[in-house]
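Okay, so here's the structure we're looking at.
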Amino acid sequence: MLKSMSSSDDHLVSLIVSSTGKSHLRQIHAVLLRTSLIRNSDVFHHFLSRLALSLIPRDINYSRRVFSQRTNPSVSHCNTMIRAFSVSETPGEGFRLFRALRRRKSSSLPANPLSSSFALKCCIKSADLLGGLQIHGKIVTDGFLSDSLLLTTLMDLYSTCEKSNHACKVFDEIPKRDTVSYNVLISCFLRNKRTRDALFLFDKMKKNEEVDGCSKPDNVTCLLALQACSSLGALDFGEKVHDFIEGNGLGDALNLNNTLVSMYSRCGSMDKAYKVFNRMREKNVVSWTAMISGLAMNGFGREAIEAFEEMLKLGVSPEEHTLTGLLSACSHSGLVDEGMMFFDRLKSGEFKMKPNVHHYGCMVDLLGRARLLDRAYDLIKSMEMKPDSTIWRTLLGACRVQGNVELGERVVSHLVELKAEEAGDYVLLLNTYSSVGKWEKVTEVRSLMKEKRLFTKPGCSVIELQGTVYEFVVDDVSHPRKEEIYGKLAEINQQLKIAGYKAETASELHNLDSEEEKGCALTYHSEKLAIAFGILVTPPGTTIRVTKNLRTCVDCHNFAKFVSGVYDRVVIVRDRSRFHHCKDGSCSCNDFW
DNA sequence: GTAGGGTTAG
């Protein structure tokens, strides 16, 4: 049966949907109440939708009031309200409304997949796993398990709640998986640190696409895959994604090109980053920032400054990220005067922004490297905003390098105050003590760490060979070729010793627990294992690229330098904060250890 | 326009 609507209702509806602003809607509301037209379900729904969803800024209180005045809301009315709550600051209310709706046994309101969908959105917004599990139960009893869209939303819920295994199970149950469901799972893997699984899935999509034709990677997939490559430093895989982008007509997408520039930089391949950047038909501030930050990370400080100046010349206004890249370029390349000059210009308002916590962080790093520790401390104290733990850690790192015990202790007390102490902080303090021979203090810190039950994060290094990513941890024995790898490492150690390499493990107490247990047994850091594996399985002359999750230590840094000379290989190690391009026995980095 | 799924470039 077609619903007939009188011409005046029609007029009213068009008035509602074209209404602008809250006062306008209030007037309409008054008319609706006066004429009793508010009782008309359709008219009411149009009004509620406009009020709850289209009006910007939204007024959830007004919507809630209007909704509660309705005596017999329909499923659609409830759905609109649940949806409104899902984008409000009180998503929990949406979930409660859903539960009330589904509990109303006496009512004849039918189960509706959209109710579940909007309620899931509410749970996603508030990361409410329990609520999500309840909705999942309802989806099963309501018989909605064949609804792919609904299941995709459910996956997103599990992803948000860090339950990637649940998300995988739901994915397996989706009757018809398409590009979006794959993308949700990939983003779930990225969010939950299952980066290698994300790449595996990208490959699977490409293969499946030939079979079913509806899971072809799109620009979102490529963006996610490139992010995965960036975080792993997986250059070969990144190039495969790049080829796919070019081969499928996505080569002009600005966001993809910007991400490509960033990916190549973060994989240590500045020439490829440059190539993409230069070929871009369209560039925005993000493109420039990606380039500047990439140059900074790889130790090309002067080039980063040149790029920044060229950007200004072209009339592109920098953003906060741009300045972060620029200042970090100065600090990483030891360009103290330049860094200070840019920071002064930033403070003067020339770039139409105020320095943020990241900008201050770069300056603390810069001053720390310039051995101006007290100035760095004063700078932190002068900040308008509250210094975060990262900024204190930067200073702590500088204290360790320069053996400044007194300031190091003070910095740790700030971290304690912030309730942000980590094992790594105490390791830095401990190393500061040991660098000046305060052994009783070293023991004290060790027992303090035990007392506080602080454990160091395991170091992990990855190396990619022909698109496959291999992962190593300290003293890794999980690799099938472990004997060969350890054999190779022993050989490398011998060769390096001849060349003058001396293991330097005393100053870096990176692996406290095992070191104590094993006495003086040899401990192999993950990056050494990864480098040895690379030497073992690649032909002579091949560049070795290793990515590490933590900062690399002095010893491994020296190890990489010597390997580059003795084995005539370019060794590129990316650690948590920068690149070490080692060639002919020396490193591009400016870190003075 | 009474409707629902993924991305937040640096």
Side-chain angles (χ1 to χ4, degrees), chain A residues 3 10 13-19 41-50 52-54 73-84 86-87 112-121 124 144 147-157 159-160 167 170-171 174 176-191 205 215 217-227 230 253-263 265-266 273 276-277 280 282-297 311 318-326 328 358:
Chain A
K3 283 184 188 167
D10 224 0
V13 167
S14 63
L15 198 69
I16 292 170
V17 300
S18 63
S19 61
S41 175
D42 291 337
V43 171
F44 176 74
H45 199 148
H46 277 292
F47 180 72
L48 185 66
S49 295
R50 187 79 201 165
L53 297 167
S54 313
S74 70
V75 175
S76 311
H77 299 153
C78 295
N79 286 353
T80 299
M81 206 54 216
I82 298 172
R83 189 178 167 202
S86 79
V87 291
N112 178 318
L114 289 184
S115 317
S116 310
S117 174
F118 296 140
L120 276 172
K121 287 275 189 171
I124 290 171
F144 293 150
D147 188 328
S148 301
L149 268 65
L150 190 52
L151 293 190
T152 307
T153 314
L154 184 60
M155 280 171 60
D156 202 27
L157 177 276
S159 165
T160 305
V170 175
F171 180 76
I174 295 180
K176 197 164 167 48
R177 293 183 277 270
D178 61 5
T179 301
V180 178
S181 38
Y182 271 93
N183 287 351
V184 175
L185 192 57
I186 292 179
S187 96
C188 172
F189 284 151
L190 277 184
R191 203 177 329 194
M205 272 177 98
S215 63
D218 66 0
N219 52 355
V220 175
T221 323
C222 293
L223 197 75
L224 293 168
L226 289 176
Q227 285 172 1
S230 291
L254 185 60
N255 61 347
L256 287 184
N257 279 313
N258 289 342
T259 311
L260 277 169
V261 170
S262 165
M263 183 276 292
S265 311
R266 297 187 59 189
V276 174
F277 184 77
M280 283 170 71
E282 188 193 353
K283 290 187 189 92
N284 62 7
V285 62
V286 179
S287 329
W288 285 97
T289 305
M291 200 64 224
I292 291 166
S293 310
L295 289 166
M297 234 187 296
M311 183 192 88
E319 287 180 353
E320 295 195 358
H321 281 292
T322 325
L323 266 294
T324 308
L326 178 70
S328 83
H358 302 290

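Since we're looking at a predicted model, the values are computed, not measured.
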- prompt: Of all the nucleotides listed (B:dG5, B:dT2, B:dG10), which has the minimum atom distance to the side chain of A:His45?
  reply: B:dT2
message: Applying the side-chain contact (heavy atoms from CB on, under 4.5 Å) criterion to A:Leu223, which one of A:Ile186, A:Leu260, A:Leu256 satisfies it?
response: A:Leu256
- prompt: Hey, are A:Ser41 and A:His77 close enough side-chain-wise for a donor-acceptor pair under 3.5 Å?
  reply: yes
- prompt: Is any side-chain N or O of A:Ser76 under 3.5 Å from a base N or O of B:dA3, one able to act as donor and the other as acceptor?
  reply: yes
Test log, rule side chain to side chain contact (heavy atoms under 4.5 Å, CB included), inputs A:Leu254 and A:Ser287: CA-CA 8 Å; A:Leu254 185 60; A:Ser287 329; 4.1 Å; yes
task: Could you work out the separation of B:dG5 and B:dG1 based on their P atoms and round it to a whole Å?
output: 12 Å
- prompt: If you look at every strand shown and take non-hydrogen atoms under 4.0 Å, does A:Glu319 touch a base, only sugar-phosphate, or nothing?
  reply: base
task: Report yes if a donor N or O on one partner sits less than 3.5 Å from an acceptor N or O on the other, where the partners are the side chain of A:Thr152 and the base of B:dG5; otherwise report no.
output: yes
- request: Using whole Å, report how far CG of A:Asp178 lies from P of B:dG4.
  value: 15 Å
- prompt: Would you say B:dT2 has OP1 or OP2 under 4.0 Å from some side-chain N or O of A:His46?
  reply: yes
- request: Tell me which nucleotide among B:dG5, B:dA9, B:dG4 gets nearest to the side chain of A:Thr153.
  value: B:dG5
message: Is the phosphate of B:dG10 approached by A:Ser262 (side-chain N or O, under 4.0 Å from OP1 or OP2)?
response: yes
field: Among B:dT2, B:dG1, B:dG10, the nucleotide that comes nearest once only the side chain of A:Asp42 is considered
entry: B:dT2
task: Look at all strands and tell whether A:Leu254 reaches a base, only sugar-phosphate, or nothing, counting heavy atoms closer than 4.0 Å.
output: base
query: With a 3.5 Å cut-off and just heavy-atom distances, do the side chain of A:Asn79 and the base of B:dG4 make a donor-acceptor pair?
result: no
- prompt: Given B:dA9, B:dG10, B:dG5, which nucleotide is nearest the side-chain atoms of A:Asn284?
  reply: B:dA9
message: Between A:Leu151 and A:Ser181, is the side chain to side chain contact (heavy atoms under 4.5 Å, CB included) condition met? List the steps.
response: CA-CA 9 Å; A:Leu151 293 190; A:Ser181 38; over 6 Å; no
task: Looking only at side-chain atoms of A:Val180, point me to the closest of B:dG5, B:dA9, B:dG10.
output: B:dG5
- prompt: What nucleic acid atoms does A:Ser181 come within less than 4.0 Å of, heavy atoms only: base, sugar-phosphate, or nothing?
  reply: base
Between B:dG1 (C1') and A:Phe47 (CZ): distance, integer Å: 16 Å
- prompt: A:Leu150 has an atom CG; how far is it from atom C1' of B:dG5, in whole Å?
  reply: 9 Å
Residue list, side chain to side chain donor-acceptor pair (under 3.5 Å) with A:Ser116, at least two apart or on another chain: none
- prompt: Please give, in whole Å, the distance from B:dG5 C1' to A:Asp147 CG?
  reply: 9 Å
- line: A:Phe144 CZ to B:dG5 P, in whole Å, measures 17 Å
message: Whole angstroms only, please: what is the CZ-P distance between A:Phe118 and B:dA3?
response: 9 Å
- prompt: To the nearest angstrom, how far is A:Leu15 atom CG from B:dG1 atom P?
  reply: 18 Å
message: Which nucleotide wins on minimum distance to the side chain of A:His321, given the candidates B:dA9, B:dA3, B:dG10?
response: B:dG10
message: Over all strands shown, is A:Thr324 touching base, sugar-phosphate only, or nothing at heavy-atom distances under 4.0 angstrom?
response: nothing
- prompt: Please give, in whole Å, the distance from B:dG5 C1' to A:Leu224 CG?
  reply: 14 Å
- prompt: Contact class for A:Asp218 vs. all strands (heavy atom < 4.0 Å): base, sugar-phosphate, or nothing?
  reply: base
- line: Nearest heavy-atom contact between A:Phe277 and A:Lys283 is O-CE, 2.9 Å
